[in-house]
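Presented below is the structure to which this report refers.
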Amino acid sequence: METKELCERAKALYAERNYIEAVKLWRAAAEQNDAEALYMLGICHNYNLGVDEADETARGASASGYFLQAAALGHADAQCFAGLCYLHGIGTEQSSAKAVEWFEKAAAQNSTQAMNNLGLLYREGNDTVEEDEALSLAWFEKSAALGDATGLLYTGIAYYEGYGVKCDYKEAVKRYDRAAQLGSAEALFRLGECYDDGEGVEEDPIEAFRLYKLAAQKNHAKAQCYVGYCYEYGTGVTRNMKEAIAWYEVSARNNYFQAYCNLGCCYEEGNGVKKDMKKAIELYQKGVELGSLDAMFNLGNVYAFGKGVKRDEALAVQYYAQAAQSGHKEAQFNFAQFLSEGRGVEQDEEAAAFWYLEAAKRGDSDAQFQVGVIYLQGEGVEEDPEQAVFWFRKAAAQGDSDAFYLLGKCYEEGLGVEADRNEAYEWYSRAAAQGDSRAKKALKKL
């Protein structure tokens with residue numbers, strides 16, 4: 001049987017999922033040095049289809065051997081896979097330089113996958129390849145010019161983030177839209193976010209929901225969680241807790257961390273399901289395992305307040321600290337409180353001041369107010385009334401009535417600012433309007 005006929009019959013058998021027989025025919029064609037047969041043998045070994053090598057390492061070595069043979073014969077897809085073998089050290093020594101060499105050879109044959117691999121390699125960089133935003137974008141642009149969905153997606157991301165090019169939300173939306181039309185679930189999701197936030201397009205929660213759902217139906221785990229959120233809060237769609245729970249569960253089965261946290265909240269609050277703290281804690285714990293900062297924070301609250309478990313402030317601190325160190329502003333605030341009060345941890349005013357400030361920088365209004373207090377009183381930091389006023393203003397901008405009152409006090413007494421009775425009156429009045437009894441008394445004295 002001629003090589004061409006062997007490959008055609010093998011391809012038909014492969015399509016029928018008769019991998020064992022397909023492999024037999026490709027092996028016969030490979031003996032005649034057929035590049036396509038060698039490439040497909042690499043694919044079969046790589047994905048364990050119709051081969052009898054149980055050991056993953058051995059299969060990797062076999063796959064890379066076949067890919068390299070086919071690559072040497074000029075097979076573009078094999079060259080791309082050869083690059084991946086060198087990049088990850090599969091069946092061969094790890095070498096980013098050789099990976100780039102094979103990717104470039106495949107790209108020269110218009111392999112958009114190779115172009116995208118080069119774009120990702122230069123975008124992320126590694127120990128031997130220096131990150132290069134401009135070069136990364138250039139490779140993605142080449143892929144996009146050939147109509148590749150991934151290339152379009154990543155050029156969209158570059159314009160959205162200002163990566164290698166000036167930030168341009170409208171241009172990002174154009175790229176996302178084209179990639180979405182080609183079936184990219186990630187592009188559908190990101191386009192939904194643009195409509196959700198009004199970035200590059202007019203804000204449209206209904207369109208955002210439509211796009212999230214399209215991505216979710218393509219098994220995009222994060223989009224599935226967002227669809228659940230939209231149903232829970234009635235954003236862009238009529239509120240429907242049954243649908244919300246169903247989508248959160250689908251997302252959780254796909255191991256999206258936030259879905260576990262959101263489901264946990266539903267069970268904690270009895271929202272759409274029967275209240276069950278044991279179930280909520282199990283879901284939070286799974287979320288923590290997958291890296292959910294919200295789940296860490298929620299578990300901190302569970303143990304801080306003894307929700308369904310024995311109160312354990314030391315364990316609460318552990319969860320708050322873990323989330324705080326990863327940038328969760330509410331956890332940073334709570335961790336600071338526990339440090340300040342010596343609850344579940346040794347009292348440490350300086351550490352408390354540090355974490356209050358971290359939360360304040362991230363926009364937490366309670367933390368901003370508290371930072372103002374500690375600068376005013378010199379608790380854990382050097383007393384600095386001007387800094388106090390700065391942070392009180394930040395909190396006041398978010399409507400914090402306590403900050404209104406203390407700004408009035410600062411202007412009345414000239415703390416960190418020049419004394420000004422009119423300004424004091426203004427701030428006291430704003431605090432009094434929100435029911436602050438201290439401010440009402442202060443107004444009477446002015």
Side-chain angles (χ1 to χ4, degrees), residues 15 76-77 80-81 84 103 106-124 133-231 235-238 243 246-247 250-251 253-256 258-259:
D77 290 336
C80 188
F81 271 92
L84 290 170
F103 287 151
Q109 297 191 64
N110 283 342
S111 167
T112 55
Q113 182 60 58
M115 295 172 187
N116 294 332
N117 288 347
L118 284 163
L120 287 170
L121 183 55
Y122 286 112
R123 177 183 171 87
E124 298 166 2
E133 294 183 7
L135 189 52
S136 171
L137 179 59
W139 280 113
F140 286 134
E141 288 282 20
K142 287 184 178 182
S143 173
L146 293 171
D148 183 85
T150 302
L152 286 162
L153 168 66
Y154 275 97
T155 56
I157 292 172
Y159 277 104
Y160 184 88
E161 297 179 354
Y163 190 89
V165 67
K166 186 178 179 181
C167 181
D168 186 335
Y169 290 146
K170 288 185 177 180
E171 187 62 30
V173 165
K174 289 179 184 177
R175 306 301 180 103
Y176 289 156
D177 186 53
R178 288 171 62 194
Q181 289 175 30
L182 292 170
S184 169
E186 179 67 16
L188 283 164
F189 171 73
R190 287 178 176 268
L191 192 56
E193 285 193 307
C194 289
Y195 277 99
D196 214 351
D197 300 331
E199 294 175 330
V201 289
E202 188 174 345
E203 187 176 324
D204 186 340
I206 295 174
E207 179 64 5
F209 173 76
R210 186 186 75 84
L211 291 162
Y212 289 149
K213 195 163 187 179
L214 286 172
Q217 289 167 341
K218 289 177 174 287
N219 211 34
H220 190 289
K222 190 173 182 180
Q224 290 164 345
C225 186
Y226 274 47
V227 169
Y229 184 90
C230 288
Y231 274 118
T235 304
V237 67
T238 302
E243 285 288 331
W247 280 106
V250 170
S251 181
R253 284 197 294 273
N254 282 322
N255 270 348
Y256 182 58
Q258 192 60 36

If I compare all heavy atoms of [X] with all of [Y], which pair ends up nearest, and what's the gap?
X: Gly147; Y: Leu182; answer: O-CD1, 3.2 Å
X: Ala114; Y: Phe103; answer: CB-O, 3.4 Å
X: Cys80; Y: Gln113; answer: SG-CG, 3.6 Å
X: Lys218; Y: Ala185; answer: CB-CB, 3.8 Å
X: Ala107; Y: Leu118; answer: CB-CD1, 4.4 Å
X: Tyr163; Y: Arg123; answer: OH-O, 2.6 Å

Could you tell me the separation between the [atom1] atom of [X] and the [atom2] atom of [Y], rounded to the nearest 0.5 Å?
X: Leu191; Y: Leu211; atom1: CG; atom2: CG; answer: 5.0 Å
X: Asp168; Y: Glu161; atom1: CG; atom2: CD; answer: 14.0 Å
X: Asp196; Y: Phe189; atom1: CG; atom2: CZ; answer: 9.0 Å
X: Asn110; Y: Leu146; atom1: CG; atom2: CG; answer: 5.0 Å
X: Arg253; Y: Asn219; atom1: CZ; atom2: CG; answer: 10.0 Å

Give a yes-or-no answer on whether the side chains of Glu199 and Tyr160 include a donor-acceptor pair shorter than 3.5 Å.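 Per modelled atom types, Glu199 and Tyr160 side chains form a pair under 3.5 Å.
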Between Lys222 and Tyr212, a side-chain donor and acceptor under 3.5 Å: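 No, Tyr212 and Lys222 have no side-chain donor paired with an acceptor closer than 3.5 Å.
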Derivation and outcome, side chain to side chain contact (heavy atoms under 4.5 Å, CB included), residues Cys194 and Tyr169: CA-CA 8 Å; Cys194 289; Tyr169 290 146; over 6 Å; no
Kindly say whether Gly119 contributes a backbone atom to a donor-acceptor pair with the side chain of Ser136 at under 3.5 angstrom?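 At least one qualifying donor-acceptor pair exists.
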When you measure from the side chain of Glu133 to the backbone of Gly164, do you find a donor-acceptor pair of N or O atoms at a distance under 3.5 Å?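 Side chain of Glu133 to backbone of Gly164: a pair is present.
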Answer yes or no: is there a side-chain heavy-atom contact under 4.5 Å between [X] and [Y]?
X: Asn254; Y: Gln224; result: yes
X: Ile206; Y: Arg210; result: no
X: Lys170; Y: Tyr159; result: no

List the residues meeting side chain to side chain donor-acceptor pair (under 3.5 Å) with Glu186, not counting sequence neighbours, and say none if there are none.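 Partners of Glu186 by the side chain to side chain donor-acceptor pair (under 3.5 Å) criterion, ordered by chain and then number, come out as Arg190, His220.
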Leu120 and Phe140: side chain to side chain contact (heavy atoms under 4.5 Å, CB included), yes or no, with the steps? CA-CA 8 Å; Leu120 287 170; Phe140 286 134; 3.9 Å; yes
Would you give me the side-chain donor-acceptor pairs under 3.5 Å for residues 148-157, sequence neighbours excluded?
residue, atom, partner, partner atom, Å
Asp148, OD1, Thr112, OG1, 2.9
Asp148, OD2, Asn116, ND2, 2.9
Asp148, OD2, Ser143, OG, 3.2
Asp148, OD2, Thr150, N, 2.9
Asp148, OD2, Gly151, N, 2.9
Thr155, OG1, Gly151, O, 3.2
Thr155, OG1, Leu152, O, 2.8
Thr155, OG1, Arg175, NH1, 3.0

Given Phe209, which partner from the list Tyr231, Tyr229, Tyr195 fulfils the ring pair (Phe, Tyr, Trp, His ring centres under 6.0 Å) test?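 Between Phe209 and the candidates, ring pair (Phe, Tyr, Trp, His ring centres under 6.0 Å) is satisfied uniquely by Tyr231.
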